[in-house]
Amino acid sequence: MITFDHVSVRYPDADHLALVDVELHIDEGELCLVTGRTGVGKSTLLGAMSGLVPHFTGGHLSGRVVVAGRDTASHPPRELADVVGVVGQDPLAGFVTDDVEAELAYGMEQLAVSPAVMRKRVEETLDLLGIAELRSRPLRTLSGGQQQRVAIGAALTAQPRVLVLDEPTSALDPTAAEDVLAAITRLVHDLGITVVVAEHRLERVVQYADVVAEVLADGSVRYGPPAELLRDAAVAPPVVHLGRLMAWEPLPLSVRDARRRATVLRQELADRPQPLRASVRPSGAPLLATRRLSVTHGAVVAVRDVDLALAAGEVTALMGRNGAGKSSLLWALQGSGSRHSGSVSVDGRDPAELPAAEGRRLVGLVPQTPADLLYLESVAAECACADQESGQPTGGCAALLDRLVVGIDHQAHPRDLSEGQKLALVLAVQLTARPQVVLLDEPTRGLDYDAKERLVEVLGELTSQGRSVVVATHDVEFVAAAADRVVVLADGEVVADGPTAEVVVASAAFAPQVAKILHPEPWLTVTEVADVLRSSAERVAP
Amino acid sequence: MNAFGGSRTALRLPRPLHPGAWWLWALGMATAASRTTNPLLLALLIAVVAQVVAARRTDAPWARGFKAYIILGLVVIAIRVVFRMLLDGQHGTHVLFTLPEIPLPEAAMGIRLGGPVSLEGVLAAFYDGLRLATLLICIGAANVLANPKRLLAAIPPALHEVGVAITVALTMAPQLLESGQRVRRAQRLRGDAPGRVERLRRIVVPVLTDALDRSLLLAAAMDSRGYGRRAQVPTRTRLVVSALVLAGLAGVAVGTYGLLDATTPAALGLPVVAVGLLLAGVGLSVGGRGVRRTRYRPDPWRAPEWGVATTGALVAVALVVIGGINSAGLHPSVQPLEWPTLPPLATLAILVGLLPAVLAPPVRPPTPRRRVAVDSSAASSTSTTGRGARASSGSDAASGDDIARPPVVVEVRT
């Protein structure tokens with residue numbers, strides 16, 4: 001169905017090839033998972049399948065890409081619209097119309113499908129994706145998962161043979177992501193559509209994939225069945241890491257496979273001491289304390305009577321589904337967000353009553369789209385501005401940035417940086433003011449496993465300096481690795497608050513893969529398991 | 001099946017009227033309003049328009065702004081009257097009060113700043129302002145009654161690209177506002193900017209960059225969904241089509257101006273409009289042949305649409321004719337001052353404009369309110385997360401039994 005024949009891609013004004021000599025064959029009805037580090041060329045590969053590279057993005061493509069019998073060299077994207085459907089990362093940015101029904105019909109209108117057929121297909125697609133009750137809703141009022149399903153439906157109504165999805169679940173909470181993935185697997189199995197998905201958070205998708213294509217750092221692509229390829233892939237989900245550690249053959253890809261293999265491991269770990277992190281709680285007076293904090297947006301109560309105390313040296317994860325009030329709570333803690341009632345005190349002072357420049361010395365916040373804070377032309381200029389704003393000597397912010405991320409070009413334009421680098425830049429800008437409490441709103445979106453590990457290290461450094469860190473996130477693996485304490489919000493109220501192991505292990509939605517595999521033992525990450533096994537091996541072998 | 005057959009039931013089933021019919025009616029009423037300065041007739045016209053709006057308005061978000069148009073009309077009247085009071089060039093016999101006079105240099109001949117304010121001047125300004133306000137209210141009524149998206153969908157195929165550009169702009173404008181709010185809130189996290197230029201720059205640069213990125217994403221999405229497929233049309237045909245359409249539109253514009261302004265010669269009114277429409281029609285139909293695109297669920301044009309459109313035309317024609325025959329009733333004189341009267345024929349003609357309240361099909365009744373909990377992070381960044389309404393049953397199940405009170409819900413009509 002999709003064939004890449006010695007394909008190389010070079011973007012205009014680039015000094016290196018984005019893709020080098022790619023050979024790829026995807027058969028009909030397969031689910032192909034495209035993995036790789038950030039910025040390595042996954043989007044380019046997906047773009048080449050739909051014709052956007054090079055017709056839309058510009059650049060030079062050598063070799064041949066044939067999709068459903070059509071050569072993309074002679075077919076621009078609009079000529080491929082009836083065989084290839086494309087769904088981007090941000091569904092709202094790709095919507096042309098205002099409401100669900102019109103959006104579903106838009107593709108068919110452009111392809112001159114007859115009105116009777118259009119009507120029928122819209123109804124079928126609404127049923128297929130379970131969005132029938134949303135048909136006259138404006139698109140802006142839908143939740144992330146619903147928007148993503150509408151975007152998939154809009155691509156499906158043209159009845160393509162191939163569906164290309166670029167990180168469809170990156171912005172979604174675990175349950176919404178499961179909905180979208182269930183819809184995608186149903187398309188593959190019931191309708192026989194060939195689906196190509198690029199994802200960072202492999203733990204959700206890898207068990208459904210028939211083929212995995214890994215884009216390597218030098219731009220080449222190797223592909224094959226998942227169990228083979230993931231044996232030594234650079235990016236792999238925790239279940240695969242555990243399988244590699246325990247040398248299980250063949251490599252388990254899903255929690256169920258791993259659990260069957262793990263009976264011996266579970267017995268072995270049953271009498272080991274509990275992981276250290278679960279029982280240690282830093283003591284001392286709270287750095288930040290709230291009392292009956294409430295936030296309303298018009299008539300909606302976003303946060304209701306929340307009492308929270310943050311201690312120094314602690315990383316707290318704030319979890320909850322999309323819309324539970326996490327962002328509102330963080331903004332209210334920082335002092336910039338509107339507050340209906342209640343008090344926040346940091347060191348005896350309320351950040352909302354201080355001017356903005358003072359407030360950010362108490363509590364620093366990195367918002368959900370960090371790029372909102374960047375407006376200058378180069379990284380160096382941003383750093384200099386940050387030093388000036390915070391009243392710190394020049395070079396402070398740049399030094400912080402170099403500690404947070406390696407290899408960043410200080411003359412680059414901030415918008416050209418990768419997601420992880422942008423996050424690091426904004427974090428450095430906010431840390432220049434030396435706040436006691438650092439809040440991060442969904443920092444893990446768009447980060448690959450390496451960048452997340454680096455972020456975990458950074459947060460550890462911050463807490464060792466005596467600060468308190470709060471991270472609002474959906475990413476359960478990140479929480480398992482980074483957080484000491486988890487607070488779960490639902491409908492604006494705190495429903496769970498305790499050490500990570502306690503809160504996370506018992507929950508179906510928030511448990512990391514290792515916890516699910518080794519249930520009921522409270523192990524959260526592969527590193528913990530490896531440490532314990534190694535220490536016991538050292539004890540046994542004198 | 002012909003819509004005229006079984007017409008009684010077809011008239012009464014609730015459905016939205018074709019937006020073109022509402023616009024034609026509103027433009028007819030506006031033409032009628034421009035032909036008179038009689039305040040009683042204009043007030044009657046406003047009442048008629050408001051009644052039709054009240055009877056046939058839906059509660060969609062774009063249909064809510066009628067009050068704003070009325071307020072705009074009042075502002076226009078106030079501005080006119082105040083300016084006339086300040087710059088009264090008309091001397092009248094009834095002086096209301098006297099403002100201190102400010103002498104102007106010789107170059108500003110005839111214009112007097114301050115001085116005695118006469119009732120005649122104020123009334124003349126009031127009549128003029130009321131006429132302009134009525135025009136605005138008629139256009140406002142069309143905006144409120146006709147769904148702009150359906151109007152764009154009804155654009156002829158040759159103008160499709162223009163229609164798409166407007167649709168995308170209408171969708172993007174609220175996003176731009178929201179982006180601006182989000183960026184403004186985020187920039188406060190950096191402390192206060194040193195100067196006003198800097199503060200503006202901090203907001204404008206991220207918003208524009210964001211808008212540019214999103215527009216590229218949108219363009220890629222539209223491209224991959226087939227936007228822009230067209231049969232190969234020779235350049236000469238395209239040039240001819242463009243020339244015809246432009247000439248036609250220019251003709252319609254000039255003719256409409258001629259119709260609305262009572263002082264231009266009659267030849268500049270209706271005939272020019274007709275010629276312009278003909279040219280534009282030919283150009284659009286020729287240009288539309290190259291475009292291969294279908295329309296999903298187009299609005300039908302049936303008997304109610306004909307009725308509403310002809311009502312507007314009737315009112316306009318009636319007032320034009322009455323104005324031609326006897327313009328005294330339509331333009332009460334200010335010097336000498338006399339009470340305005342209600343000429344019977346003109347009153348009847350304007351009352352005909354009430355018919356669409358009955359002719360147009362009834363509005364779809366609001367669906368029963370469903371209690372849903374609206375996402376609470378509505379004000380936070382939304383470009384990557386969505387916000388939405390979830391059924392309260394889902395959220396209740398998740399909160400379990402810890403919650404003593406049910407969550408506050410907002411009634412949302414679906």
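So that the names make sense, note that chain A is the first sequence line, chain B the second, and so on, each numbered from 1.
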Note: A:Trp331 and B:Leu189 closest approach over all heavy atoms is CH2-CD1, 3.7 Å

Which value, rounded to the nearest 0.5 Å, describes the distance between B:Arg201 atom CZ and A:Leu376 atom CG?
5.5 Å

In Å, rounded to the nearest 0.5 Å, how long is the span from OH of B:Tyr296 to OH of A:Tyr106?
16.0 Å

Shortest non-hydrogen pair, A:Leu374 vs B:Gln187, comes out as N-NE2, 4.4 Å

Quick one: which of A:Val84, A:Val113, A:Leu80 has the most heavy-atom pairs under 4.5 Å with chain B, could you say?
A:Val113

Go through the atoms of A:Ala176 and report whether side chain, backbone, both or neither lie under 4.5 Å from a heavy atom of chain B.
neither

Walk me through it: do A:Arg140 and B:Glu178 pass the test side-chain contact (heavy atoms from CB on, under 4.5 Å)?
CA-CA 12 Å; A:Arg140 308 174 53 69; B:Glu178 194 186 356; 2.5 Å; yes

Could you tell me whether A:Glu123 and B:Arg297 make a salt bridge, using a distance below 4.0 angstrom between a side-chain N and a carboxylate O?
no

Under 3.5 Å, side chain of A:Arg78 to main-chain N/O of B:Asp223, donor-acceptor pair present?
no

Given a strict heavy-atom distance threshold of 4.5 Å, which part of B:Ala186 is in contact with chain A: side chain, backbone, both, or neither?
both

Residue A:Thr97 versus chain B: region with a heavy atom under 4.5 Å
backbone

Tell me which of these, A:Gly51, A:Ala151, A:Ala154, A:Gly85, has more heavy-atom pairs under 4.5 Å with chain B than the rest.
A:Ala154

With distance as the sole test, does B:Thr294 use its side chain to make a donor-acceptor pair with the main-chain N or O of A:Pro115 at under 3.5 Å?
no

Between the OG1 atom in B:Thr209 and the OH atom in A:Tyr375, the distance rounded to the nearest 0.5 Å is 13.0 Å

Contact part of B:Ala219 toward chain A, heavy-atom cut-off under 4.5 Å: side chain, backbone, both or neither?
both

What part of A:Val429 is in contact with chain B, defined as an atom under 4.5 angstrom from a non-hydrogen atom: side chain, backbone, both or neither?
side chain

Which atoms of A:Ser336 are under 4.5 Å from chain B, going by heavy atoms: the side chain, the backbone, both sets, or neither?
both

When you check the gap from the basic side-chain N to the acidic O, do A:Glu109 and B:Arg293 get nearer than 4.0 Å?
no

Assess the residue pair A:Val96 and B:Thr167 against the criterion (side-chain contact (heavy atoms from CB on, under 4.5 Å)); give the C-alpha distance rounded to whole Å, side-chain angles, the decisive distance to 0.1 Å, and a yes or no.
CA-CA 8 Å; A:Val96 186; B:Thr167 312; 5.7 Å; no

May I ask you to name which of A:Ser50, A:Ala112, A:Ala81 has the most heavy-atom pairs under 4.5 Å with chain B?
A:Ala112

Are A:Arg415 and B:Asp213 within salt-bridge range, i.e. N to O under 4.0 Å?
yes

Check B:Arg202 with A:Glu382, please: is the shortest side-chain N to carboxylate O separation under 4.0 Å?
no

What's the verdict on side-chain contact (heavy atoms from CB on, under 4.5 Å) for A:Glu389 and B:Arg190, showing C-alpha distance, side-chain angles and the deciding distance?
CA-CA 7 Å; A:Glu389 283 161 353; B:Arg190 285 191 82 153; 3.4 Å; yes

Evaluate the criterion side-chain contact (heavy atoms from CB on, under 4.5 Å) for residue pair A:Asp90 and B:Arg214; output intermediate values, then yes/no.
CA-CA 9 Å; A:Asp90 186 0; B:Arg214 296 180 79 101; 4.2 Å; yes

